*Asks:* 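Okay, here's the structure, questions in a sec.
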Amino acid sequence: SWFVEEISGSTENFRITSEERGGEGDGADMFIVFKIVSLKEEAEGYLEFSGRYSSWDSSEYYECYPVEPRQVTITQYFAI
């Protein structure tokens, strides 16, 4: 799910939104993507953090890399 948090600096204003996915079971991969928008320059960028979910211990993120959004179409098959 998405949530929005406003962050303001003395010379720049940013809007940051994030989306989390994964982490549904112990040891599962989990990801969080931050969309960072500079309101002053009307520019945006995306950073993704990846890690592992732990139900017994602290979950942790251990990688961060720039990403870009891309719409894709998938085909799924269902029993009839």
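Only a predicted model underlies this, so the values are computations on that prediction, with no experimental measurement involved.
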*Asks:* With sequence neighbours left out, which residue pairs that include part of residues 71-80 fulfil the salt bridge (charged side-chain N to carboxylate O under 4.0 Å, His left out) condition?
*Replies:*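 Not a single pair qualifies under salt bridge (charged side-chain N to carboxylate O under 4.0 Å, His left out).
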
*Asks:* I need the R52 CZ to Y62 OH distance, nearest 0.5 Å.
*Replies:* 4.5 Å

*Asks:* CD1 of I16 to CD of E44: how many Å apart, nearest 0.5 Å?
*Replies:* 13.0 Å

*Asks:* My understanding is that only residues two or more places apart in sequence, or in another chain, count here; which of them pass side chain to side chain contact (heavy atoms under 4.5 Å, CB included) with Y53?
*Replies:*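 Partners of Y53 under the side chain to side chain contact (heavy atoms under 4.5 Å, CB included) test: M30, S55, S59.
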
*Asks:* Could you measure the distance from the CD1 atom of I32 to the CZ atom of F49? Nearest 0.5 Å is fine.
*Replies:*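 The distance works out to 8.5 Å.
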
*Asks:* About how many Å separate NZ of K35 and OG of S18, when rounded to the nearest 0.5 Å?
*Replies:* 12.0 Å

*Asks:* Report the distance from atom OG of S50 to atom CZ of F31, rounding to the nearest 0.5 Å.
*Replies:*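 If we round to the nearest 0.5 Å, S50:OG and F31:CZ are 5.5 Å apart.
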
*Asks:* Test: salt bridge (charged side-chain N to carboxylate O under 4.0 Å, His left out). Region: residues 71-80. Which pairs qualify, not counting sequence neighbours?
*Replies:* none

*Asks:* Can you name the side-chain hydrogen bond (donor to acceptor under 3.5 Å, both in side chains) partners of S54, sequence neighbours left out?
*Replies:* none

*Asks:* I'd like a table of donor-acceptor pairs (distance under 3.5 Å, sequence neighbours excluded) in which one partner is a side-chain atom from residues 65-80, with atom names and distances.
*Replies:*
from, atom 1, to, atom 2, distance (Å)
Y65, OH, E48, OE1, 2.8
E68, OE2, R70, NH2, 2.5

*Asks:* Could you tell me which residues satisfy salt bridge (charged side-chain N to carboxylate O under 4.0 Å, His left out) with E60, sequence neighbours excluded, listed by chain and number?
*Replies:*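 Checked E60 against salt bridge (charged side-chain N to carboxylate O under 4.0 Å, His left out); zero matches.
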
*Asks:* Please walk me through it: do F14 and I36 pass side-chain contact (heavy atoms from CB on, under 4.5 Å)?
*Replies:* CA-CA 7 Å; F14 297 95; I36 304 163; 4.1 Å; yes

*Asks:* Answer with yes or no whether the side chains of E63 and Y61 bring together a donor and an acceptor at under 3.5 Å.
*Replies:* no

